[in-house]
Structures are given as C-alpha cells and as structure tokens.
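Have a look at the structure below before the remarks.
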Amino acid sequence: MIDRKSFRRDFAVMGAALARRSPSLLHEGSSWQQARIFDERQRALKAELEVLQAKRNRVSKDIGAAKSRGEDASDAIGRMAEVAGRVKALDAETKEAEDAFSRMLLEIPNPPHATTPDGVDESDNIERHRWGTPRNDAVPPHWEIGESLGILDFEAGVRLAGSRFSVLRGAGARLERALMQFMLDLHADQHGYEEVWVPAIVNSKALTGTGQLPKFADDLYRLEGEDAFLIPTGEVPITNLYQGQILDADILPIRHCGYTPCFRREAGSAGRDTRGMIRQHQFDKVELVWLLPPDGAAHALMQLLSHAEAVLQALALPYRAMDLCAGDIGFSAEKTIDLEVWLPSQQCYREISSCSSFGQFQGRRAGIRYRDAAGKPQPVATLNGSGLAIGRTLVALLENGWQADGRVCLPIALQPYMGREYL
RNA sequence: GGAAGGGUGGCAGAGUGGCCGAAUGCACCGGUCUUGAAAACCGGCGAAGGUAAUACUUCCGUGGGUUCAAAUCCCACCCCUUCCGCCA
C-alpha cells in the first residue's frame, strides 16, 4: 500500500512514478483518481464528525457530573439526543468514504524505484550480467528427456488433476526432493537464513498483506465456503509470519528461507508453455524472505540476489540476471531482478528466480512495523526471492546435463543427495 | 461436530454504564545511588488520525444495536483454551 501522507503531499511525483508502469494507471476513473476523490471526501466528513463527537463527549461528561451531584439533567439529555442522531448518521457516512478510500489504495501498485529502468514489457528489461557458458548443441526438450528416462509422467498428471499437472517417478521424484534439501541446506548453513516451515493455505488477510488480494483473486485457488486459499508463493505465509507486529529494531534484519508448494491458476496464460513442466498449477519452491529497515533494502537485495545465484552456480547452470523494467515488475514490487537459466532445447534464457524489493509497501499493508531510533513504529521494508523454483531447476538440470548417450550428468553438489552421478 | 470457559497495552492481569485509553506487576527507557553492576528509589512508557505545537477524534477480538454516555448492557460472527467425539 502506498503511504497516505505521501499520496496527499506528493501526489504528482507519485503519479509520475506510477505512470512509468503504465500511463493507464492514472486515467479518469482509475483507482488512483478515485482514491483522491474519496480521500478528500473522507477528510471533510471526518473533520465535521470530530467536532460533533467532541461536543457529545463534553456534554455527556457534564451530564454525568450533574447527575452525580443529584441535579436534573433531562434538559441537556434531550438536546443531546439530536446530536447523537447526527453523529450516528455522519459516522456511517464517514466510514463509507473511508472504506472506499482504503479499497482504492489497496488497488494501487507500488511506484517503481528510481533505479528501475523505464520500459513497457519484458523486451525492455536490461541485462546486468551473465554467468557460465551456454551449450549450443541440439538438446531435446526436457519432457522428451524425462519421459525417455521414465522419470516424468505428464499423462498421469492429467489423469489425476488435468492439464498443467505432472507426476515424477523414481529418480525424478528423488531429484525434486534432493533439490529442496540442497537449496535449504545451502541457505540455512552457508547464507545464515533461519529455515521455516509454514502452511500452504492462508486467509485473505495474509494475501492482502503481501498484495495478491484484492486485485488478483482470479490467479488463486480458493477453498470453497471458507476464507482460505492455496498459496501462490511462499512469500505470503513467510512474510505474514510477522503480520500486525511491532518488531524491535535489534532483531532486524529477519531472514527466512523456506520450502513451500505453490499453486497458481494461470488464468490468462492459456497456450503458453503448455508442454512440459515449465508452467504448472502446482510447483515447489524454496523462498528467501527479508524484513529490515528501509534504508538497507537496496544493499540487501544484492545480497539476496547473490544467494539465489549461488544455487545456480553450485548446480553449474548458466544464467543471466535481468533488471526488470517499470512495465514488467509485479504489483507490489518497486524493483525486481530476475535470474534466467539457460534452456538449451529452446536456445534461450527462462526465468527461474525473481528477486524483488517491496520497500515499505508490504510492511504497510500487513502492518509489520519496527521501532526506529526515536522509538516510533515504522513499516518494515521487505524483500523476497526464489532460491530457486524447484520444477524449473529440474528442467534446467535435465537439459543442461543431457548427453548424447541419453544419460543426464548430475552436478557434483547434488550427487551426495542423489547417491549417483547420472540419471 | 457437541459442551464449558475466555479474547483488555510488549507480556501478565484488574476493570460490569459516566471520575477509564484503562489500576497494578513485569519488561523497556531516563535519572539518583554505586569504582562498575545488581538492588533500592524517582520519573517516563500503547497505537492511528490530526496540529507548527497544543487541542481534538478513534481504537478494549470483529460487526451491528441500546443510551445523553459503552471495555462494561443486548444480538450476530470470528478466534483461542479445556473436555467429549473423530483422526495422521
């Protein structure tokens, strides 16, 4: 959520930043425009209401005092009955305007950070750096490799749940498990994250806290008849661990890693990546989450990124890092750096990790605060990134480790977890 | 799912219509004392809006109602604890 005070004070500046995402965000009738209208209305009503409330409180106190002296107060009580009625009506009106204002604010995305480059879509993203040497020989797509090894079964996935679900068998299932364990061990032991294990079902409040709701309900699986959703990413439960809390500054930064399954309806991505396990309704991910004072966020994002990169490097997977442009970053993010792994069958880089800084946007929405040097509660800054998406890592390992003899060579780091060198 | 009890500030816990944004204790912050620390003593100490600063307003699980006035009374809902049922 954007800051209300800045919204009022720096309306033009903030609007200009938002326009970098898309000029349509500022159009007539947009949440941005409506928010301003409701805010003005809400403030005017509140001013009027508070004067009345003050009067009511004052006179009520006098009535109480008079009664305790044994005096008759029926005259004042009669006059206050009318005030009470007006307070009630005005209060309802004020609440309505306030709620409308809040609803609009929740629909406004985070203004991009100054260091987020201009651009409208992914073609405007800017490469920061590359690592590793991509192979250029002909490699079959991962689904062919997996099926011929008997470790990937897409038909079974369809039978059980429909398209975009898959089944792993034998060494494939073990590889999925090995990757989770390897990644968690790396982050917990080498990078100093505290590992957490969290629910894969959360309520709407948690999803509002991190920004998935109210705007993106269509992307989520909702449990029927309950205020409960399958998580689209571990970011939601892990960040919301601290929802509504005021944290002591000396425990910051808080840094968590955690494995969760992720569930996405993929509404609107029909036809994209329909084959294979690049885009599934259910996938596994190891997530990295930071909570910290805002001034450390930029530096922390670079550290977080390096932790995600460490996984790719340990697995000897070539990748590149991309600065996402203002038109391509997610709703809650102010800055995002994607890691894209080389997929030889497609001869291109594909997203495998997304590392974002949210500024105080999520801290404000989720009510996660810390005490600054003056002891004042302030929203924390949050950061998160995939470290990494497991399914896509498995895909990358199959293709990058594939040999002409049909076998797949496993990276050394994974061999202890797999108990073998080849698939 | 059934029954009973309960949700108050960082924590514990008092408060059953006005003098309550809320006793008290702990924790925390500042000070006195001390070589230093502890103890003791003195003072401070919830959040949000609002203001130049005050004032003022709101918040006692959530939402509604009664009343001049609600933490306190009424209704609905949510959550927690314990017991029973079920269960990995």
Side-chain angles (χ1 to χ4, degrees), chain A residues 1-10 35-36 38-106 197 199-209 213-214 222-229 237 240-252 254 261 291 360-361 363-380:
Chain A
M1 192 160 49
I2 57 172
D3 176 48
R4 292 173 186 228
K5 283 186 181 158
S6 313
F7 175 71
R8 284 165 201 146
R9 229 187 347 242
D10 311 317
R36 185 156 76 159
F38 284 123
D39 186 28
E40 276 164 12
R41 178 172 164 73
Q42 173 257 133
R43 282 157 64 82
L45 285 168
K46 200 176 270 179
E48 196 183 342
L49 172 67
E50 288 186 0
V51 171
L52 271 183
Q53 284 174 325
K55 181 178 179 185
R56 181 197 63 188
N57 291 345
R58 188 166 16 85
V59 176
S60 289
K61 213 165 248 185
D62 291 345
I63 290 172
K67 281 196 162 182
S68 70
R69 288 193 303 268
E71 296 169 13
D72 176 55
S74 54
D75 190 40
I77 289 176
R79 275 187 284 114
M80 287 316 288
E82 188 221 346
V83 174
R86 278 165 60 210
V87 165
K88 194 176 160 185
L90 201 53
D91 186 50
E93 220 178 320
T94 306
K95 248 180 204 148
E96 210 174 298
E98 251 176 5
D99 287 352
F101 177 45
S102 299
R103 276 199 304 278
M104 290 308 125
L105 281 185
L106 287 174
W197 186 91
I201 295 177
V202 295
N203 57 31
S204 56
K205 189 175 179 191
L207 286 156
T208 305
L213 287 180
R222 178 172 194 161
L223 274 62
E224 191 172 352
E226 294 186 52
D227 178 28
F229 301 78
N240 277 287
L241 243 23
Y242 300 95
Q243 172 201 102
Q245 304 214 33
I246 300 177
L247 307 166
D248 286 331
D250 55 17
I251 68 165
L252 300 178
I254 290 170
L291 292 85
Q360 292 170 287
F361 190 82
R364 223 173 271 122
R365 287 174 83 104
I368 308 171
R369 293 174 293 173
Y370 77 103
R371 290 194 187 277
D372 66 14
K376 260 306 236 186
Q378 306 287 354
V380 296

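Proteins get letters first, then strands, A, B, ... in listed order; numbering begins at 1 in each.
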Does [N] pair with anything, Watson-Crick or G-U wobble, both distances under 3.5 Å, and if so, with which nucleotide?
{"N": "B:A52", "value": "none"}
{"N": "B:C73", "value": "B:G65"}
{"N": "B:A40", "value": "B:U32"}
{"N": "B:G10", "value": "B:C26"}
{"N": "B:U81", "value": "B:A4"}
{"N": "B:C20", "value": "none"}

Between [X] and [Y], is any pair of side-chain heavy atoms under 4.5 Å apart?
{"X": "A:Glu98", "Y": "A:Lys46", "answer": "yes"}
{"X": "A:Arg4", "Y": "A:Ser102", "answer": "yes"}
{"X": "A:Tyr242", "Y": "A:Leu247", "answer": "yes"}
{"X": "A:Asn240", "Y": "A:Val202", "answer": "no"}
{"X": "A:Arg369", "Y": "A:Val380", "answer": "no"}

Over all atoms of both residues, closest heavy-atom pair of [X] and [Y]:
{"X": "A:Arg365", "Y": "A:Pro214", "answer": "NH2-CD, 3.7 Å"}
{"X": "A:Met104", "Y": "A:Phe38", "answer": "CG-CD1, 4.0 Å"}
{"X": "A:Met1", "Y": "A:Leu106", "answer": "SD-CD2, 4.0 Å"}
{"X": "A:Tyr370", "Y": "A:Pro379", "answer": "CE2-O, 3.7 Å"}

P gap between B:C20 and B:U32, integer Å
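One P to the other, the span is 34 Å.
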On a whole-Å scale, what distance lies between the C1' atoms belonging to B:G9 and B:A27?
13 Å
Round to a whole Å and report the spacing from [atom1] of [X] to [atom2] of [N].
{"X": "A:Asp3", "N": "B:A48", "atom1": "CG", "atom2": "C1'", "result": "13 Å"}
{"X": "A:Glu48", "N": "B:C56", "atom1": "CD", "atom2": "C1'", "result": "16 Å"}
{"X": "A:Arg365", "N": "B:A48", "atom1": "CZ", "atom2": "P", "result": "19 Å"}
{"X": "A:Lys61", "N": "B:C20", "atom1": "NZ", "atom2": "P", "result": "9 Å"}
{"X": "A:Glu98", "N": "B:A48", "atom1": "CD", "atom2": "C1'", "result": "11 Å"}
{"X": "A:Lys46", "N": "B:U57", "atom1": "NZ", "atom2": "P", "result": "14 Å"}
{"X": "A:Arg371", "N": "B:C29", "atom1": "CZ", "atom2": "C1'", "result": "11 Å"}
{"X": "A:Asn203", "N": "B:C79", "atom1": "CG", "atom2": "C1'", "result": "11 Å"}

With sugar-phosphate meaning primed atoms plus P, OP1 and OP2, does [X] contact a base, only sugar-phosphate, or nothing at under 4.0 Å between heavy atoms?
{"X": "A:Asn57", "value": "sugar-phosphate"}
{"X": "A:Lys205", "value": "nothing"}
{"X": "A:Lys55", "value": "nothing"}

What residues from residues 72-82 of chain A pass a heavy-atom cutoff of under 4.0 Å to RNA chain B?
A:Ile77, A:Met80, A:Ala81
Check whether A:Asn203 reaches the backbone of A:Ala228 with its side chain - one donor and one acceptor, N or O, closer than 3.5 Å.
no
Spell out, as yes or no, whether a donor-acceptor pair under 3.5 Å connects the side chain of A:Arg222 to the backbone of A:Glu226.
yes
Atom CD of A:Gln245 with >12 non-hydrogen neighbours under 6.0 angstrom:
yes
What's touching nucleotides 50-54 of chain B from the protein side, N or O pairs under 3.5 Å?
unit_1, atom_1, unit_2, atom_2, d
B:G50, OP1, A:Arg8, NH1, 3.1

Can you check each nucleotide of nucleotides 70-77 of chain B against protein heavy atoms at under 4.0 Å and return B for base, S for sugar-phosphate only, - for none, in 5' to 3' order?
--------
Any side-chain N or O of A:Arg369 less than 4.0 Å from the OP1 or OP2 oxygen of B:A48?
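Answer yes for this pair, as a side-chain N or O of A:Arg369 is under 4.0 Å from OP1 or OP2.
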Using heavy-atom distances to pick each residue's nearest nucleotide on RNA chain B, tell me which of A:Arg58 and A:Lys376 is more 5'.
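Its nearest nucleotide being more 5', the pick is A:Lys376.
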Output the single nucleotide from B:A47, B:C56, B:A69 whose closest atom is nearest the side chain of A:Pro377.
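The answer is B:A47, which lies nearest to the side chain.
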